[in-house]
Visitor: 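Structure below; questions to follow.
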Amino acid sequence: MSVFELDDHSRTIIHIDLDCFYAQVEMNKNPNFRSVPLGIQQKNIVVTSNYKAREFGIKKCMLIAEAKKLCPNLVLANGEDLHDYRQTSYKVTNLLQKYSHLVERLGLDENFVDVTALINEKLKKSSDVEVVGNISGDSSEKCDCGCTERLTMGTVIAQEIRDLIKNDLNLTTCAGIAHNKLLAKIVGSRHKPDQQTVVFPNSALELMLSLDCLTNIPGIGRTTFEQLESVGIKTIEDLQNGGVKKLEPLLGADKARIIHNFSYGIDKSQVKPTGKPQSIGLEDSCKSISVEKEVRNKLEQLLNRLLLLVAEDGRIPKTIKLTVRKFNKENKVSHRETRQSNINPSLFSNQSANKTKIMTTIMHLFNRIIDVKKPYHITLLGLSFTKFQEPPNLKNSVASFLRRDLEVQSVISIESQNGVDEPESPVPSTSSVELKDVESPSPSPSPKKLKLSNLVTKKRCFEDYYEDCESPSKLKVADLCLESVSCPPDADQDVFKELPLEMQKELWEDYKRRRSAEMNLCSSQVKKPKPNTLLNYFIRNN
DNA sequence: TTGGTGCAG
DNA sequence: TCTTCTGCACCAA
């Protein structure tokens, strides 16, 4: 039996990739950018560009000077602050979650969606569909396990998803459709921009062998590539023929097996729903800082921006981490040093008073890396918060799940009410003020008033998502879940999969009951806020 | 747990 | 010539 026959084709995965993402966001903010070659600038680098600029040969991470030489009329937009990109990115993920609860984010511009459940439902009703978009390789020889029909239906759904993203957010995307993540990601980039491509299992090997460099395989970066090269592995065929045993000493058993499987187009990894970020950080590179006052200034700026991000997130961080990159004469690799320290969560109850205390901690960390009595040259400073504490009353896993959805929605609510072009407003405020606002809203429009209406919008989105299910054309993830045995979002998926069917059903029913109870609770709270409820907690931390 | 490295977009 | 701004996984001590 060949490796190919051992592969499992039961899933359907769609990989969605936003075309030149930062550039699209900037073009939506300023439509004048659409008609000109546009580059997104971070420091002295063009990190991405629109397709007009690419016609001049502008490439990712090209120096500004070089790019200007190729295209003197290149217009530059500063993209050092990722705030707007992050917001838009979450809107996309949010749209995708209407198709499946299995949505995994990869960076800001890519998402995997496991649409297996949706497809099985759709195929029950009709299997009379044709492939939409491009097909990779020769699809005349078909597999008879049913994957042909599933993947074909996958192309229909991929087109629906891309239309939705285009209509709702005015963003074009590429999609790859396949029976695993690896193939979906690789095949999606075959036809760009604004296109989609499917690969059927019989063409998977051909697709893998068509890759022109080993670094096109996810997980093989510069270092791994050089390691492999040093033992004579230079092509996909080398990777296949060398066998796992040859890879193990270099990569370790796990990575060796994964990469070896990848070389055959086999990928058993699951689409892992992306939760909240495990760290929230900012960094700023610079030519050279060698004075402590400058260090402090830069770190204060970073901290101010970071506190806004953390306030948006709503959780309370327990650890702060400082990153420093020193000037390196050999200029070999960008070597970074980090130091971390626990912080008292109570510092986050009153913003302004405690910024000073947090700064003291940060400077203490700085002194652990840099001896300020000696000369130093710093080329990058970064701050990040890690190890977040879930706010009280939300320890319950279902509540956490609900809260996660609300937070994704909140991104949309804030923007739809503020207007996309408006600069971000300084948000953080103390809990007591917010709470008071809800109980007795002020008559004049104010930022606080705005938040109250945000909350109403949040609640509305939330209800739409779960309750507005009367239209059969509007597919909701809740619909699917009610008809099949899904893994409750608060359960460990790996454990769940091992359980007998009956137990799975029971867990799912239990989750539905809890969800229903939670919904009623949440609903009544919105209409009539009470102290120490889920809702109030929300407001306090907004 | 801390800090470093590799990888990703 | 490994550049920017992130965030995650994994490894070693």
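These figures come from a predicted structure and were not determined experimentally. Quick note on labels: first sequence line is chain A, next is B, and so on, each numbered from 1.
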Visitor: Output a table of nitrogen or oxygen pairs between the protein and nucleotides 4-8 of chain C separated by less than 3.5 Å.
Guide:
from	atom 1	to	atom 2	distance (Å)
C:dT4	OP1	A:Ser285	OG	3.4
C:dT4	OP2	A:Arg325	NH1	3.3
C:dT4	O2	A:Gln42	OE1	2.7
C:dC5	OP1	A:Lys43	NZ	2.6
C:dC5	OP2	A:Ser285	N	3.1
C:dC5	OP2	A:Ser285	OG	3.0
C:dT6	OP2	A:Glu283	N	3.3
C:dT6	OP2	A:Glu283	O	3.3
C:dG7	OP2	A:Gly281	N	2.6
C:dG7	OP2	A:Gly281	O	3.2
C:dC8	OP1	A:Gln278	N	2.8
C:dC8	OP2	A:Gln278	N	3.4
C:dC8	OP2	A:Ser279	N	3.3
C:dC8	OP2	A:Ser279	OG	3.2

Visitor: Would you call A:Gln240 and A:Tyr264 a side-chain contact if the rule is heavy atoms closer than 4.5 Å?
Guide: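 Contact flag for A:Gln240/A:Tyr264 side chains = yes.
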Visitor: For DNA chain C, determine which residues of residues 187-199 of chain A have any heavy atom closer than 4.0 angstrom to one of its atoms, and list them numerically.
Guide: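 Contacting residues: none.
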Visitor: If I take atom CD1 in residue A:Ile220 and atom P in nucleotide C:dA9, what distance separates them, rounded to the nearest angstrom?
Guide: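 From A:Ile220 CD1 to C:dA9 P: 20 Å.
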Visitor: I want to verify a distance call: between B:dC7, B:dT2, B:dG3, whose nearest atom is closest to the A:Asn342 side chain?
Guide: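 That would be B:dT2.
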Visitor: Roughly how far, to the nearest 0.5 Å, is the CD1 atom of A:Ile369 from the OG1 atom of A:Thr323?
Guide: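 Going from OG1 on A:Thr323 over to CD1 on A:Ile369, the span is 7.5 Å.
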Visitor: Pick base, sugar-phosphate or nothing for A:Lys387, based on heavy-atom distances below 4.0 Å to the nucleic acid.
Guide: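 A:Lys387: backbone/sugar contact only, no base atoms under 4.0 Å.
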Visitor: Taking N or O atoms only and anything under 3.5 Å, show me the protein contacts with nucleotides 10-13 of chain C, one pair per line.
Guide:
none

Visitor: Which whole number of Å gives the distance between the C1' atom of C:dT4 and that of B:dG3?
Guide: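 Approximately 23 Å lies between the C1' atom of C:dT4 and that of B:dG3.
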Visitor: Just the rounded figure in Å: distance from P of C:dT1 to NZ of A:Lys59.
Guide: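 Rounded to whole Å, this separation is 17 Å.
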Visitor: In whole angstrom, what separates A:Glu66's CD from C:dC2's P?
Guide: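 Distance check: A:Glu66 CD to C:dC2 P gives 14 Å.
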Visitor: Is there a donor-acceptor contact under 3.5 Å linking the side chains of A:Arg105 and A:Thr93?
Guide: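 Yes, A:Thr93 and A:Arg105 have a side-chain donor paired with an acceptor closer than 3.5 Å.
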Visitor: Categorize A:Gly219 for me: base, sugar-phosphate, or nothing, with a 4.0 angstrom heavy-atom threshold over every strand shown.
Guide: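 Contact class for A:Gly219: sugar-phosphate only.
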Visitor: Under the ring pair (Phe, Tyr, Trp, His ring centres under 6.0 Å) test, which residues partner A:Tyr85, sequence neighbours left out?
Guide: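 Partners of A:Tyr85 under the ring pair (Phe, Tyr, Trp, His ring centres under 6.0 Å) test: A:Tyr22.
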Visitor: Using whole Å, what does the distance between atom C1' of nucleotide B:dG3 and atom CZ of A:Arg339 come to?
Guide: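 So the two atoms are 7 Å apart, to the nearest Å.
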Visitor: Check whether any side-chain N or O of A:His335 sits under 4.0 Å from OP1 or OP2 of B:dG4, and answer yes or no.
Guide: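 Looking at the OP1 and OP2 atoms of B:dG4, neither is under 4.0 Å from any side-chain N or O of A:His335.
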Visitor: Among side-chain atoms of A:Arg11 and A:Thr116, is any donor-acceptor pair under 3.5 angstrom?
Guide: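 A:Thr116 and A:Arg11 do not have a side-chain donor-acceptor pair below 3.5 Å.
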Visitor: A:Arg368 near the nucleic acid: base, sugar-phosphate alone, or nothing, with a heavy-atom cut-off under 4.0 Å?
Guide: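 Sugar-phosphate: the residue A:Arg368, judged by heavy atoms under 4.0 Å, touches backbone atoms but no base.
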Visitor: Are A:Asn297 and A:Gln301 close enough that a side-chain donor and a side-chain acceptor fall under 3.5 Å?
Guide: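 Side-chain D/A pair, A:Asn297 to A:Gln301: absent.
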Visitor: Any cation-pi pair here, A:Arg222 with A:Phe225, using under 6.0 Å and within 45°?
Guide: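 Judged by the rule (NZ or CZ under 6.0 Å from the ring centre, within 45° of its axis), A:Arg222 is not positioned above A:Phe225.
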Visitor: By side-chain hydrogen bond (donor to acceptor under 3.5 Å, both in side chains), which residues pair with A:Asn342, not counting sequence neighbours?
Guide: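 Listed in chain order: A:Thr319.
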Visitor: Could you tell me how far apart A:Leu322 (CG) and B:dG4 (C1') are, to the nearest whole angstrom?
Guide: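 The distance from CG of A:Leu322 to C1' of B:dG4 comes to 15 Å, rounded to the nearest Å.
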Visitor: What is the distance, to the nearest angstrom, from the CE atom on A:Met62 to the C1' atom on C:dT1?
Guide: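 It is 12 Å, rounded to the nearest whole Å.
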Visitor: Whole Å only: how far is the CG atom of A:Asn216 from the C1' atom of B:dA8?
Guide: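 To the nearest whole Å, that distance equals 13 Å.
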Visitor: Indicate the atoms forming the closest heavy-atom contact of A:Phe262 with A:Leu182, along with that distance.
Guide: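 Residues A:Phe262 and A:Leu182, closest heavy atoms: O-CD2, 3.5 Å.
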Visitor: Report the C-alpha separation of A:Glu55 and A:Lys52 in whole Å, then their side-chain angles, then the decisive distance to 0.1 Å, and conclude whether the salt bridge (charged side-chain N to carboxylate O under 4.0 Å, His left out) test is met.
Guide: CA-CA 5 Å; A:Glu55 285 170 17; A:Lys52 274 213 157 45; 5.9 Å; no
Visitor: For a quick check of understanding: with a heavy-atom distance under 4.0 Å over all strands, which category does A:Glu226 fall into, base, sugar-phosphate or nothing?
Guide: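 Nothing: the residue A:Glu226, judged by heavy atoms under 4.0 Å, touches no strand.
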Visitor: Rounded to the Å, how far apart are A:Leu250 CG and B:dG6 P?
Guide: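 Going from A:Leu250 (CG) to B:dG6 (P), I get 14 Å.
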Visitor: NA contact type, A:Ile40, heavy-atom cut-off 4.0 Å: base, sugar-phosphate, or nothing?
Guide: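 Here A:Ile40 touches no strand at all.
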Visitor: Extract all donor-acceptor atom pairs below 3.5 Å that involve side chains of residues 281-288 of chain A and protein atoms in other chains or at least two apart in sequence.
Guide:
from	atom 1	to	atom 2	distance (Å)
A:Glu283	OE1	A:Arg336	NH2	2.9
A:Glu283	OE2	A:Arg336	NH2	2.7
A:Asp284	OD1	A:Lys43	NZ	2.7
A:Asp284	OD2	A:Lys298	NZ	3.2
A:Ser288	OG	A:His377	ND1	3.0

Visitor: Tell me whether the guanidinium CZ or amine NZ of A:Arg315 lies under 6.0 angstrom from the six-membered ring centre of A:Phe348 and within 45° of its axis.
Guide: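 No, cation not above the ring by the 6.0 Å, 45° rule.
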